[in-house]
Amino acid sequence: MVQRTQQTSNSTGAAPPPRWRRLATTSAAAALLGAGLVTGPAAAAPSPETTATKATDLDVLFVGAHPDDESGRLSTFGEWGERYGSRVGVVTITRGEGGGNAVGPEEGPALGLIREREERAAVGTAGVRDVFNLDKVDFYYSVSAPLHQQAWDAEDSLERLVRIVRETRPEVVVTMTPAPTPGNHGGHQEAARLAAEAYAVAGDPSRFRSQITKEGLRPYAPAKLFLNSARGSGQVGSSCPRAFTPTDPTDDVYGVWAGERAASGKTWALVEREAQRKYASQGWAGFPDPSTDPEAIGCDYFTQVASRVPFTRGDQSAAAASPATMLQGATRQARGGLPLGTGLELTGEDVDVVPGQSVTLEARLTAPKRTRLVRAAGAVTLPQGWSGTTSVSFGTVPRGTTVTRTITVTAPSGVTANTRALVGLDVRSGAGAGSTNQKLSVTPSVSGTQQLLPQVAEFEEWAPTVGLPQLRGLVTPVLTLPSGGTRTLGIDVTNHSDAAESGTVTVDLPDGFAAADDTISYEGLAPGATQRLDLEVTNTDDTLPTSNEGGVGGDYGYTITTTSSSGSSTTTAALELVPTTQVGETAAPTLDGTVGAGEYAATIDLSRRWEGEACTSPADCSATGYVTRSGDDLYVAAEVTDDVKSAVLAASDCKRHWRVDSLEVAIDPDGSSENTSTTFKIGALPFTAEGQSCAARDADHTQGPIGAFPMSGEGGSDETTLDPGNVAPGFEMASAVGAPYTGYVIEMKIPLAALPATVDPDRMGFNMFVYDSDTQDKAGQTRIGWSTWGGVQGDPYRWGRVELGGGAPPEVESVPPKLDFPGLDSLDSPQSIEQAVRSGVGLSGLPTLAPRSTARVRRATQRGDAVVVTVDVDKRGTAHLFAVTGDDTQQVGSVEVALRPGRHQIRIPVTETPSSVLLGFDPDRRTGTASSSVRVR
């Protein structure tokens with residue numbers, strides 16, 4: 001298989017410049033010949049074009065990171081297709097090659113083929129035919145969008161996605177949540193950011209200009225952008241579209257009830273569940289049916305975050321309850337609404353308003369290309385107590401013309417700061433009526449906020465660059481504090497007014513916390529400036545619960561009050577306690593699968609539920625961890641109680657440990673990692689089919705198998721087999737499993753020199769997780785551990801803290817993390833090639849090349865156990881040929897060969913009679929791809 005350079009990430013570890021800086025400058029914020037298989041070149045002759053010539057025209061495009069990301073909204077997409085004829089497509093940035101596999105040992109590109117086939121089958125259940133892959137690599141679970149930007153080459157990904165948007169021209173874009181909310185997969189965040197950026201720039205002819213000047217595409221701006229999520233509370237049943245209460249009343253949230261019935265008589269919830277079961281590799285094949293009572297079925301909820309067309313507010317009115325409401329103004333005209341093709345926006349360069357001050361908004365009304373808007377006028381709806389422009393006149397707007405008007409809005413001096421306000425604009429003309437709105441953020445003259453985590457600060461700067469400032473503030477500022485420990489807390493004070501300010505900042509900490517000085521002064525803060533004030537905070541009560549057992553979801557909330565010449569304002573923040581322990585030195589424990597008395601210096605509780613189902617009893621799942629230091633080695637152990645043994649994997653399948661009973665150990669050497677690429681993580685299986693335990697590094701600085709180790713107990717073996725490319729030099733392990741099975745013990749030796757950086761003995765990050773599976777389908781049910789929050793395995797800042805005794809740790813030279821993972825190329829996917837032939841949209845988000853000017857299949861004839869294919873080639877390159885059969889494009893033979901211009905006879909050995917042959921062609925200069933097909937005679 002020929003791997004293309006775009007498939008693997010930059011392995012240098014150097015992060016690209018922040019993409020938001022580039023966006024801010026835009027107007028949007030803007031092989032070899034196969035032996036015996038090629039019979040040689042011949043003069044090419046004209047042949048009929050065998051690829052599709054009409055590009056796909058979509059109504060709705062969903063953008064996700066992995067196969068199955070769309071699965072929770074297939075009931076809505078299916079209903080839109082069946083009821084309204086909406087054509088829905090899906091962009092999947094990766095094929096999920098880094099995920100688990102419950103159906104076999106495949107990983108990497110081989111797993112990508114499986115997951116693509118599953119995705120196409122799943123979305124097909126809901127009537128979706130078009131799945132576009134960007135061929136970016138999937139890697140381990142991480143909650144870091146910046147790490148995904150680096151691995152995916154964010155600018156290249158955006159160019160590919162913009163190309164697909166310009167080729168498919170969807171009116172509605174739906175994506176995931178871009179904010180770094182706790183536990184939100186970094187791939188999901190980055191997919192959503194790319195979708196928002198494509199929405200912002202695809203209509204800008206100055207962005208990716210060669211797509212227009214060389215490829216013949218046209219700029220195209222989608223009409224609406226939605227997130228496939230909503231913040232708030234709702235209920236089940238047919239009233240769920242009208243019964244949702246948003247956390248932020250200014251949010252436009254829409255619900256589509258999944259209890260409606262499809263033409264088949266099934267509820268759309270059941271259609272969606274049948275689709276989800278197609279994801280067998282993810283352990284979803286056994287998902288149960290939804291309720292047979294439609295009134296026990298809930299809604300799919302979506303939040304509109306941008307619109308260029310008139311829309312109906314997502315509120316509790318009957319008008320907002322129809323499944324068609326989200327489409328109105330974009331693909332469907334609302335009853336009595338402005339004609340389809342009308343543009344209507346209310347925007348502002350600055351949507352932050354200080355109490356008593358004003359902001360200017362711009363109202364833009366665009367007439368459809370074929371219809372003028374006669375005597376158009378707008379009524380402005382202001383929040384209660386606000387003042388400003390209440391009406392605007394657009395006059396008669398000629399066809400295809402935009403008229404702009406200015407609206408001024410003033411906030412009352414007594415309005416509560418740190419809140420949101422909504423300004424509405426209702427436009428009427430002789431052709432109908434329509435509405436739009438704009439969120440404003442009420443900002444105090446001077447604000448004091450707890451310092452943000454790096455990934456949150458980066459997101460807050462990004463959101464306004466794509467015209468989505470309303471997404472700011474979705475993440476509560478949190479910082480962690482070791483139980484019983486002290487840390488310096490940063491309070492960022494910003495002057496939003498137009499004059500220098502002085503004042504104070506006071507923190508009102510919860511019980512069990514104290515500050516050296518709870519009030520700090522600031523002086524002469526210039527307009528627009530930010531100053532950080534440092535505050536030393538101590539957890540004075542080390543009996544307070546830590547992790548997700550403490551506070552509300554683990555948060556100990558507090559308030560920050562900031563005074564200025566105009567009064568005071570209050571913001572909220574939270575501290576999160578992480579468990580801590582002191583680890584002294586002992587003699588080296590014996591690695592025999594038994595925790596002997598006095599072998600370990602520290603004991604930690606691993607029985608806290610982290611994710612999944614709660615343990616029904618200590619016998620069901622509970623664990624104790626042990627840690628000690630001996631010289632330059634760290635020793636860890638876990639005694640796990642478990643009454644049901646999971647599936648048993650082969651030692652060769654020692655990866656993706658979360659599928660079965662397993663232990664994970666995570667170490668952040670200096671306690672400063674933003675993501676796990678600079679940490680050390682071990683996943684260990686206590687038993688394998690060969691009677692050994694095994695371990696592998698996963699989701700960290702340097703992933704890969706470590707080897708198999710001794711296992712005592714029934715069927716155990718004392719053999720050690722290290723992987724030749726050992727990624728953890730000096731690592732040792734042993735396990736013990738009893739009969740009957742009641743759990744297991746794992747002991748490990750981890751050399752400190754094997755970590756990716758030198759240990760800071762005062763603040764080393766440390767965690768242990770236990771995965772519990774009570775089934776044989778390679779799907780876990782419960783996760784427990786030491787420092788526990790949702791998604792904590794990807795959040796090093798939330799790991800526990802270890803104070804390490806003994807001498808100075810060994811010095812470790814830091815090297816860039818491993819990020820060069822293999823991904824599947826669409827040229828190696830017959831299903832992707834088949835779609836490219838059918839739709840006319842190229843592979844991988846790369847330029848679509850004409851087969852007539854590059855390479856094309858001319859004919860295919862079966863001869864015995866092979867198919868002989870005639871290929872006409874005009875440009876040197878690599879041909880990926882697949883003999884396939886059936887509607888689902890089952891591969892029965894394939895060949896990959898390098899070809900030079902001319903006519904070639906290529907032999908493809910086949911395992912059964914094919915129905916057609918597919919060709920994906922990659923010119924040597926890799927300027928794009930060409931796809932074609934022919935029936936087998």
Side-chain angles (χ1 to χ4, degrees), residues 59-60 62 70-86 88 126-128 171-177 223-263 265-273 275-276 290-307 309-337 422 424 426 433-437 439 470:
D59 299 296
V60 180
F62 175 85
E70 80 299 316
S71 63
R73 295 298 178 265
L74 286 177
S75 59
T76 295
F77 297 157
E79 183 172 358
W80 283 348
E82 187 172 280
R83 290 184 64 171
Y84 310 123
S86 299
V88 181
V128 177
E171 284 78 13
V172 175
V173 175
V174 182
T175 190
M176 311 185 80
T177 301
K224 292 186 174 186
L225 175 65
F226 292 90
L227 308 184
N228 68 341
S229 59
R231 297 180 303 135
S233 59
Q235 64 184 43
V236 297
S238 55
S239 63
C240 63
R242 299 187 300 275
F244 188 85
T245 302
T247 301
D248 180 352
T250 66
D251 280 352
D252 283 306
V253 176
Y254 302 82
V256 178
W257 183 42
E260 291 281 5
R261 295 193 180 274
K266 301 175 182 178
T267 64
W268 283 108
L270 179 56
V271 174
E272 178 176 283
R273 183 49 50 88
Q276 291 170 339
S291 175
T292 56
D293 177 9
E295 291 300 320
I297 295 172
C299 273
D300 291 345
Y301 289 111
F302 304 81
T303 303
Q304 180 177 285
V305 292
S307 177
V309 296
F311 60 86
T312 299
R313 271 218 73 197
D315 54 20
Q316 299 178 348
S317 67
S322 167
T325 304
M326 291 172 63
L327 304 175
Q328 289 173 354
T331 65
R332 298 175 60 81
Q333 183 174 347
R335 179 177 296 180
L422 196 68
D426 302 314
S435 302
T436 188
N437 59 43
K439 283 186 183 183
Q470 65 269 31

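Predicted, not measured: the structure shown is a model, and the values here were computed from it.
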Parallel, tilted or perpendicular: ring planes of F226 versus F302, cut at 30 and 60 degrees: perpendicular
Flag side-chain contact, heavy atom, 4.5 Å: N228 against F62: yes
Any side-chain heavy-atom pair of Y254 and Y301 under 4.5 Å: no
Side chain proximity check, V60 to L327, heavy atoms < 4.5 angstrom: yes
Beyond-backbone contact of W268 with E82, side-chain heavy atoms, under 4.5 angstrom: yes
Residue pair Y84 / P323, side-chain heavy-atom distance below 4.5 Å: yes
N437 side chain to D252 side chain, donor-acceptor N/O pair below 3.5 angstrom: yes
Heavy-atom side-chain proximity of T267 to E260 below 4.5 angstrom: no
V256 vs C299, side-chain contact (heavy atoms from CB on, under 4.5 Å): CA-CA, chis, key distance, verdict: CA-CA 5 Å; V256 178; C299 273; 5.8 Å; no
Results of side chain to side chain donor-acceptor pair (under 3.5 Å) for S291 - residues two or more places apart only: none
Side chain to side chain donor-acceptor pair (under 3.5 Å) partners for R83, two or more places apart: E79
S229: which of T175, D300, T177 passes side-chain hydrogen bond (donor to acceptor under 3.5 Å, both in side chains): T177
Which atom of D251 lies closest to which atom of R313, heavy atoms considered: O-NH2, 2.9 Å
Minimum side-chain heavy-atom gap R73-V174 below 4.5 Å: no
Q328 and T312, any side-chain heavy atoms less than 4.5 Å apart: yes
Pair D248-K439, salt bridge (Lys or Arg N to Asp or Glu O under 4.0 Å): steps then yes or no: CA-CA 11 Å; D248 180 352; K439 283 186 183 183; 3.6 Å; yes
Side-chain donor-acceptor pair present, S435, D426, cut-off under 3.5 Å: yes
No-hydrogen, no-angle side-chain donor-acceptor test under 3.5 Å, T245 and S233: no
